[in-house]
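Atoms within each ligand, like the ligands themselves, are counted from 1 in listed order. Counting from 1, the numbers follow the sequence of the chain as shown.
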Amino acid sequence: MPETATHVGSGKVRELYELDNDRLLLVASDRISTFDVVLPTEIPDKGRVLTGLSAFWFARTREIVPNHLVALRADGRSTECRRLEMLPLECVVRGYLTGSGWKDYQATGTVCGHRLAEGLRDSDKLHEPIFTPSTKALEGHDENIDRERAAELVGQERFDEVERVSLELYGFASAYAAERGILLADTKFEFGLDEAGRLVLGDEAFTPDSSRFWPADEYEPGRPQPSFDKQFVRDYCETLGWDKTPPGPELPDDVVAGTRARYVEAFERLTGNDFDAYLADPEVVLG
Ligand code: Q0N
């Protein structure tokens, strides 16, 4: 009998289906968002790059924490996952001060209750990576919260565990990526619990959609950094005078091709695999 899959959820660029009681299918599309708006033009193979990268990291971090990956499908964009009870927390780690962390620091000198040194600039490297959890606010935007609020949401012991594991994951992947010329400025994890109440890493991990990837050779604190993957798209959008509200603009072919090449470059640098080898057999990234 053919497998049936019920649609159970969607993100901006991914879809989630139920396979059976224990398993979900996470499918990454080629859609791209910029300035929080999904564009009408797709980047060919973007979903495969992100699926392959995430699987690569899941395979290499399973001694730090178990994860929901069950199998990669031959299409390269679909991941069979264990079904978890998700924690109501976005687990963010920041190694550099940017985005909402930079905004909060400028307003209060703190980020999620961490008081930082004075005089830091946009994109400065932090002395130590910090755990800066957030919650999905009602409009779908993330709201930074302090550790007390986060501990109320999941319990103090679970909070301590996700903080420790998140910092360990970030430390491992950021060191690995930096050796390959990519700075992981920050990253977001989503964890869940398995049937025995064990902590399991879900969602995607260390992809350019869940992290900020910066080219290390262009790093220059004191200004916003170019995005490793999306900078062509942002630069093109800035030439249009678009007001950054939906609908977003169509992308010209050269911007699509340049952006696809950047995603593939990130994949190849980080995994050490040719992207064509991944397309032929996605399991190459599992090592
Ligand atoms: C789940 N989300 C939030 C994908 C990501 N393994 C799991 N078990 C149960 N539920 C979830 C997962 C996972 N991953 C995670 N929603 C359900 C983010 N989604 C949005 C849609 O795309």
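Closest to atom 10 (N) of ligand 1, if we only count protein heavy atoms, is Met86 CG, 3.5 Å. Here the heavy atom of the protein found nearest to atom 19 (N) of ligand 1 is Asp203 OD1, 4.2 Å. From the protein, the heavy atom lying nearest to atom 7 (C) of ligand 1 is Leu24 CD1, 3.6 Å. For atom 2 (N) of ligand 1, the closest heavy atom belonging to the protein is Glu190 OE1, 4.1 Å.
For the pair Glu15 and ligand 1, the shortest N or O to N or O distance does not fall below 3.5 Å. Ligand 1 has an N or O atom lying under 3.5 Å from an N or O atom of Leu84, backbone or side chain. On a distance-only criterion, Ser10 and ligand 1 share no N/O pair closer than 3.5 Å.
In the hydrophobic clustering of this structure, Leu87 groups with Leu153; members are Ile, Leu, Val, Met, Phe, Trp, Tyr whose side-chain heavy atoms approach within less than 4.5 Å, directly or through other members.
Close approach of ligand 1 to Arg83 (heavy-atom distance below 4.0 Å) involves ligand atoms 8 (N). For ligand 1 and Gly11, the ligand atoms under 4.0 Å from any heavy atom of the residue are 20 (C), 21 (C), 22 (O). Taking a cut-off of under 4.0 Å to the non-hydrogen atoms of Leu16, the atoms of ligand 1 that pass are 1 (C), 16 (N), 17 (C).
When the options Leu201, Val93, Val65 are evaluated for a side chain to side chain contact (heavy atoms under 4.5 Å, CB included) with Ser166, the one that passes is Val93. For the side chain to side chain contact (heavy atoms under 4.5 Å, CB included) with Arg83, the qualifying choice from Glu195, Arg23, Glu18 is Glu18, the only one to do so.
Checked against a 6.0 Å centroid threshold, the rings of Phe206 and Phe189 count as neighbours. Ring-centre distance between Phe131 and Phe159: below the 6.0 Å cut-off.
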Q: Show your reasoning for whether side chain to side chain donor-acceptor pair (under 3.5 Å) applies to Ser100 and Arg94.
A: CA-CA 11 Å; Ser100 68; Arg94 300 170 189 273; 3.0 Å; yes

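No donor-acceptor pair closer than 3.5 Å links the side chain of Arg121 to the backbone N or O of Arg223.
The residue among Arg82, Arg14, His68, Glu90 with a heavy atom at the shortest distance from atom 22 (O) of ligand 1 is Arg14.
Between Lys46 and Asp229, no side-chain nitrogen of the basic residue sits less than 4.0 Å from a carboxylate oxygen of the acidic one, so the salt-bridge criterion is not met.
Of all the heavy atoms of Leu26, the ones lying under 4.0 Å from any atom of ligand 1 belong exclusively to the side chain.
Under the 30°/60° scheme for interplanar angles, the aromatic rings of Phe267 and Tyr278 are found to be tilted.
Heavy-atom separations between Gly192 and ligand 1 are all 4.0 Å or longer.
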